[in-house]
Amino acid sequence: MYGVSRADKVASLARRRGFFWPAYEIYGGVGGLYAWGPYGVVLKNKIANLWREVFVYKHDFVEIQSPDIAPYVVFKASGHVDSFKDVMVSCRECNRKYRADTLLKEHGIEIREDLSPSDYEDLIRENNVRCPVCGGKLGNATYFTTMFQTIIGPYSENKGFLRPETAQGMFTEFKRVYEAMRKRLPIGIAQVGKGFRNEISPRQGVIRLREFDMMELELFYDPSDDECPYLDDYLDEPINMLHKEMIERGDLSGYETMTVKDALDRKIIDNSWMAYFMILSHIFLEMLGIPRTRQRFREKLAGERAHYARKTFDQEVYLDRWGWVEVSGHADRTDYDLSAHLKNSGVDIYAERRLKEARYVKEYEVRPRVRDIKRDFGDKVGVIMSRLSKSDVNKLLDSFKRDGYILIDDIRLDKKYFDIEVKVKKIESEKFIPHVIEPSFGLDRIAYAVLEYAYNEKGDRIILSLPAYLAPYDAAVYPLLSKDEFIEYARGLYDELVKSGYKILFDYGDSIGKLYARGDEIGIPIAFTVDYKTLEDDTVTVRDRDTWVQYRIDKGRIQEFIEKILGGIGFEEAAASMKLELI
RNA sequence: GCGGCCGUGGUGUAGCCUGGUAGCACGUCGGCCUUCCAAGCCGGAGAUCCCGGGUUCAAAUCCCGGCGGCCGCACCA
């Protein structure tokens, strides 16, 4: 556990080579706040861009940026203010802190919802509840919210929060996006950005941060048409499920592999969009180098789910030190959020659906012939008219149909006193509140997991076997020796490749072994080396980061080779397809 | 917040018990050498010894307080 765990090695490499490290170190650091360095930022950006391709662009979804800061009302409406808040009591003796509600429940005391801190204090006193650990007296009860609070502008009453999720932005700005995108549904609205949670005690490196990047997608769809059109291609894909049934029998160590179709047939997953995003997430992490056997979807039970979710699965990745760790959450948020904002803001946040066929509704109008009624019933016309204006048209019609007349008090009014008109109204569309399926990813955790899975050792050397398209450089160019003619040639090659748009590391001055070793540690997938033969025939060697195997390649074919590698083709396969000469 | 362990150049550490010039290795920078995997040689830079206070002629070292980290507890919508 100590000193040699994979997590320590990754953290050490990350710090040494500039992927990430604890922020504000010069002032001693602050728990849960990390800095991402040069290579770390490249990695995160590449992961985010791949996510955009897989989840957003492929479906013609859209991405927005909403503010990190929101006024109080937004998170009041969304339910976060109430459910992110707990009443805490601390022990006067040992200072341990407890959630007041769970403490009272453990003592078998019934509690109502919405108790204030002083209500809790009363209950604690009346029931003589003491610290369960040391038996000490309990102190004052206070609210604790894990959202970061702030003040917007100079007036202290203008409270705001740093958002705990980017998702609310998609809901608060939904109407505009929906209209700008010409009222198309289903529509996915994505956001990549910061979220903030004031964790009580974050101590797992970059795994649990107080400020972190999220990649969230809210898929808005018409609940009367909830079929995901993309799912068919994936029905036979295997998916690893730790479902409710397994959890309830205490079987938490692994997962059951089933096809997506089975998961749906067995109603483990009951929404086709959710199933689609889940299988896509399996594949996405696989593309990042995390094998599917080390991933699973854990169903969240009723008590574990967020207040807004009808059903949730956490995608978990197995990490060396911390075991199964959540990297994405898949929630069925129904119409919870939109309805909440509709209710609280009073703004009409609806979608419209065009009916497949226009519906025609018969509308009857029953118009009394006032002149005739007045003639036959005289003064009573006033009472009659006022009663008629309050009565339901359908009831009048029923009465006519049944009896041929209607009664108002004792007065019998035959059909002849009325003009009955039938109007046919054409209805082409109707309003509804879209439902939402949300896949939500923690970018920092994923970046960490990618590093941990890419981390390899070969003898005493470290190799970061990142997928080529995630590496901080596409390739490296080195001179075999630090001789001017090699360096010049290598620099020329470097310039050429950079001009073509590749990200290339050019390094020299140390022994070739050392150059390779440094490149391996930051994950550069291939290295081109200029040697004596290069000066004679314009060929260089190309070396594989993972196997150290080398081929000789014409300078003119280098870009073709890089393209293949970036496209995800393996080194050997790329070399074979280009019929390169093994060294 | 509690308990245990810990805090010395970028990294890993020695020194602490028994107070007296802060040492080593790796890395890094410059040079020489070098025909493919952190080779060798020479030279350089780089340390508020986590912070503050106390004891002492003298504190990295002993004492007190704090901060930070790891692990466990609690917490993690």
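Below, chain A is the first sequence line, B the second, and so on; all start at residue 1. Here the structure is a predicted model, which means the values were calculated and not measured.
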| query | So, does the side chain of A:R543 form a donor-acceptor pair with the base of B:C37 at under 3.5 Å? | reply | yes

| query | To the nearest angstrom, how far is A:F486 atom CZ from B:U34 atom P? | reply | 12 Å

| query | Which part of the nucleic acid, if any, lies within contact of A:E521, taking any heavy atom under 4.0 Å across all strands shown: a base, the sugar-phosphate backbone alone, or nothing? | reply | base

| Integer angstrom distance from the C1' of B:G9 to that of B:G65 | 28 Å

| Relative to the ring of A:Y308, is the ring of A:H80 parallel (under 30°), tilted (30 to 60°) or perpendicular (over 60°)? | tilted

| query | What does A:R545 touch in the nucleic acid at a heavy-atom separation under 4.0 angstrom: a base, only the sugar-phosphate, or nothing? | reply | nothing

| query | Which residue lies toward the 5' end of RNA chain B, A:A517 or A:T146, if each is placed at its nearest nucleotide? | reply | A:A517

| query | Under 4.0 Å: is that the gap between some side-chain N or O of A:W322 and OP1 or OP2 of B:C71? | reply | yes

| note | When rounded to whole Å, the CG to P distance for the pair A:D510 and B:G27 reads 9 Å

| message | With a 4.0 Å limit, can you tell me whether A:T529 has a side-chain N or O closer than that to the phosphate oxygens OP1/OP2 of B:C36? | response | no

| field | Candidates B:C37, B:U34, B:C36 - which lies nearest the side chain of A:R461 | value | B:C37

| said: For a quick check, tell me whether the side chain of A:R208 and the base of B:C75 share a donor-acceptor pair closer than 3.5 Å. | reply: yes

| query | Rounded to the Å, how far apart are A:E457 CD and B:A38 P? | reply | 16 Å

| said: I need the CZ-C1' distance between A:F148 and B:C76, as an integer number of Å. | reply: 13 Å

| message | Using the ring centroid of each side chain, check whether A:F486 and A:Y478 are separated by less than 6.0 Å. | response | no

| query | Quick one: is the NZ or CZ of A:K579 closer than 6.0 Å to the six-membered ring centre of A:Y551, and within 45° of its axis? | reply | no

| query | Are A:R543 and A:F528 in a cation-pi setup, meaning NZ or CZ lies under 6.0 angstrom from the ring centre and within 45 degrees of the ring axis? | reply | no

| Expressed in angstrom and rounded to an integer, what is the separation of A:E326 atom CD from B:C76 atom P? | 14 Å

| said: With a 4.0 Å cutoff (strictly under), does any side-chain N or O of A:K483 reach OP1 or OP2 of B:C32? | reply: no

| request: Counting Watson-Crick and G-U wobble pairs only, both distances under 3.5 Å, name the nucleotide matched with B:C67, or none. | output: B:G7

| task | Please work out which of the three classes, parallel, tilted or perpendicular, describes the rings of A:Y473 and A:Y39, given edges at 30° and 60°. | result | perpendicular

| request: Choose from B:U35, B:C71, B:U11 the nucleotide whose nearest atom is closest to any side-chain atom of A:R15. | output: B:U11

| message | Please report the distance, rounded to the nearest Å, between CG in A:L480 and P in B:A38. | response | 13 Å

| query | Could you give the OH-to-P distance, from A:Y478 to B:C37, as a whole number of Å? | reply | 15 Å

| field | Side-chain N or O of A:R518 closer than 4.0 Å to phosphate OP1/OP2 of B:C37 | value | no

| query | Side chain of A:R321: nearest nucleotide among B:C70, B:C37, B:A39? | reply | B:C70

| request: Answer yes or no for this row: A:Y516 ring on B:C36 base, centroids under 5.5 Å, planes under 30°. | output: no

| request: In whole angstrom, give the distance that lies between atom CD1 of A:I526 and atom C1' of B:C36. | output: 17 Å

